[in-house]
Amino acid sequence: MGTNIPLERIDDNRWLIPQRYNDAMRVPGMVYADDELIQTILSDNALQQVANVASLPGIVGHSLGMPDIHWGYGFPVGGVAATDAETGVVSPGGIGFDINCGVRLLATDLHYDQVKGKVAELADRLFDNLPSGVGTDGMRQLTEQEMHDVMVQGARWAVDEGYGFAEDIDMTEEQGCLEGADPSAVSKHAIQRGRKQLGSLGSGNHFCEIQMVDHIYNQEAADAMGIGRKGQIVATLHCGSRGMGHQVAEDYIKLAEAKQEDFGFHLVDRQLACLPLDSEEGQAYLGAMKCAANFAWANRQLLMHGVRQSFASVFGRKARPKDLPLVYDVCHNIAKMEEYEIDGEMKRVCVHRKGATRAFPAGHPALPEKYQAIGQPVLIPGDMGRYSFMLVGAPGSMEQSFGSCCHGAGRRMSRTAAKKAVGSKQLLEMLEKKGVTVRVHSKNLLAEEAPQAYKDAQQVVNVVHNAGLASLVVRLRPLIVVKG
DNA sequence: ATGTTC
């Protein structure tokens, strides 16, 4: 049950898995958790996966586990691993099935008092305007040429098509587009799945939430982001690359598994299957992954347009599209080539973030001018009953975690366990009692996302705050949840 | 996460 993993306590927020735990480990593991969270983490095998990841060819630093870590395909969700650009590998399981799953947050000028009488109407509009559910078609059906352009241009394509504004691009990680996307590396099947789904929310833990600013930890940073008033209404989207990214992941996991012998890899878990960064196959995966990432950014751009339209139709001149600026968009399932100081020298590495958010500190050149002084906004959705958080990246992330921190609350119950433990009727009643208005396609699936199925996001963000990876800015309370 | 067992 993972409890035989040796853990050495470093301090109140850090636990080391020593390299001597087994012969396969090339680096130690490091897990971020407090005394209570580490007990939850020990109850599944996620720490064994942290140790497994430490055996990847070319891995440097530590195999990292964030406080929201839980069991995933090969790699844990809530994990970070960096591999040497020259001698290392990329592993599709280290990015995950939902390539560029991410979160974006829009501010509004509205206060809760202006919204409370129109909550049901707004919820209905959002539900109408944001296609959701398993296998649902999106707002746009794309020609093959349009699909090609989406994969290469990302969010920019959507803005050029009239979804949103040029300013949105600057407030998106990587300006909503990874260079080097290679459509020829994407299977026909993945392309066909994508053509139907641009501008759709999907299912599972994906959602649109309307939230209110509930607590302010850092007024200066909150003001810089335009979310510094208590009671202020904001909108959050959590979504990824839908069936398109899923197909890319599946295609390349299969390829990698078939190639392990050829590359001479004998990994401790076949789900760690990986491709050398300097191989044709490794580069093909990265080219295809970038296509899926760009698709996801265009997808969130279309969905954001749907959110702005919904507000405009309910609140008129008080919430025109221009009055709902994008605060920031982060990606939490991706591999990126970045540079870090390791053992005193600068090294180029492939950072795998799987359920982990980039958390660059103030002054980082990748940040827009607007956030140079405060650091990168880090969006951490919690669960639909309690709260979500906005943080900013802190200097410790550059020293400890390859510019990364947690991505959410993290599951404490599997989907099947949650469905067994929670009845959908009681759940809806409980949410209503808490003042959360829910619009959902499948009540059955809602139970899998019950607050009880998740760790306490407050505890999770406290750990990354105290460890110096990111710094708390505001807490948000949910008012409306729209889901598949 | 996912045309949720191609």
Side-chain angles (χ1 to χ4, degrees), chain A residues 44 46 49 68-79 91-103 130-138 141-142 147 186-208 237-255 257-258 271 288-289 291-293 295-297 299-300 303 330-335 352-357 381 383-384 407-411 413-420 424 440-450 453-454 483-484:
Chain A
D44 77 4
Q49 293 191 312
D68 52 340
I69 189 173
H70 60 94
W71 178 263
Y73 183 92
F75 291 61
V77 177
S91 176
I95 287 87
F97 279 92
D98 191 4
I99 295 167
N100 190 3
C101 186
V103 194
L130 306 174
S132 67
V134 178
T136 311
D137 287 355
Q141 309 293 300
L142 303 176
M147 183 64 193
V186 180
S187 68
K188 287 209 160 53
H189 193 189
I191 288 173
Q192 292 313 325
R193 290 183 74 173
R195 283 179 57 191
K196 296 185 290 188
Q197 292 190 319
L198 194 74
S200 65
L201 205 47
S203 184
N205 61 8
H206 291 159
F207 61 78
C208 172
L237 284 163
H238 176 216
C239 189
S241 50
R242 308 284 290 104
M244 190 265 172
H246 193 274
Q247 193 61 49
V248 169
E250 190 184 316
D251 292 342
Y252 280 91
I253 284 168
K254 259 188 204 141
L255 173 74
E257 285 192 359
Q271 294 186 353
M289 179 206 75
C291 288
F295 181 91
W297 273 311
N299 187 36
R300 290 200 286 276
L303 290 166
V330 294
C331 154
H332 53 227
N333 282 5
I334 198 77
H352 298 65
R353 296 193 181 96
K354 179 181 186 180
T357 311
D383 63 71
M384 60 177 138
H407 85 308
R411 283 197 166 275
M413 287 162 84
S414 71
R415 291 183 175 278
T416 34
K419 238 190 291 200
K420 252 185 215 167
S424 58
V440 63
H441 256 107
S442 163
K443 291 194 172 99
N444 245 349
L445 289 180
L446 190 70
E448 299 181 2
E449 300 300 324
Y454 285 91
K483 288 179 74 66

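- Rounded to a whole Å, the CD atom of A:Q192 is 18 Å from the C1' atom of B:dT2.
- Between A:H206 atom NE2 and B:dT2 atom C1' the separation is 10 Å, expressed in whole Å.
- Note on A:E448: nothing from the nucleic acid sits closer than 4.0 angstrom, heavy atoms only.
- Counted by atom type alone, A:D98 and A:H206 present one or more donor-acceptor pairs between their side chains at under 3.5 Å.
- The side-chain contact (heavy atoms from CB on, under 4.5 Å) test with A:M244 is passed by exactly one of A:M147, A:Q192, A:R195, A:K196: A:M147.
- When rounded to the nearest whole Å, the span between CZ of A:R242 and C1' of B:dT4 equals 12 Å.
- The residue A:H238 sits apart from the nucleic acid: no heavy atom pair falls under 4.0 Å.
- Residue A:G243 is classed as a sugar-phosphate contact, given heavy-atom separations below 4.0 Å to backbone atoms only.
- Heavy atoms of A:S241 sit nowhere under 4.0 angstrom from any nucleic acid atom.
- Residues forming a ring pair (Phe, Tyr, Trp, His ring centres under 6.0 Å) with A:Y252 (at least two apart in sequence, or on another chain): A:Y285.
- Computed from coordinates, the A:M244 CE to B:dT2 P distance equals 14 Å when rounded to whole Å.
- Straight-line distance from the CG atom of A:L446 to the C1' atom of B:dT4: 16 Å, rounded to whole Å.
- Listed by chain and residue number, A:D68 satisfy the side-chain hydrogen bond (donor to acceptor under 3.5 Å, both in side chains) test with A:H407 (two or more places apart in sequence, or in another chain).
- Per the geometry, NZ belonging to A:K483 stands 15 Å off C1' belonging to B:dT4, to the nearest Å.
- As a whole-Å value, the separation of A:N333 CG from B:dT2 C1' is 13 Å.
- As rounded to whole Å, 9 Å separates atom C1' of B:dT4 from atom CZ of A:R415.
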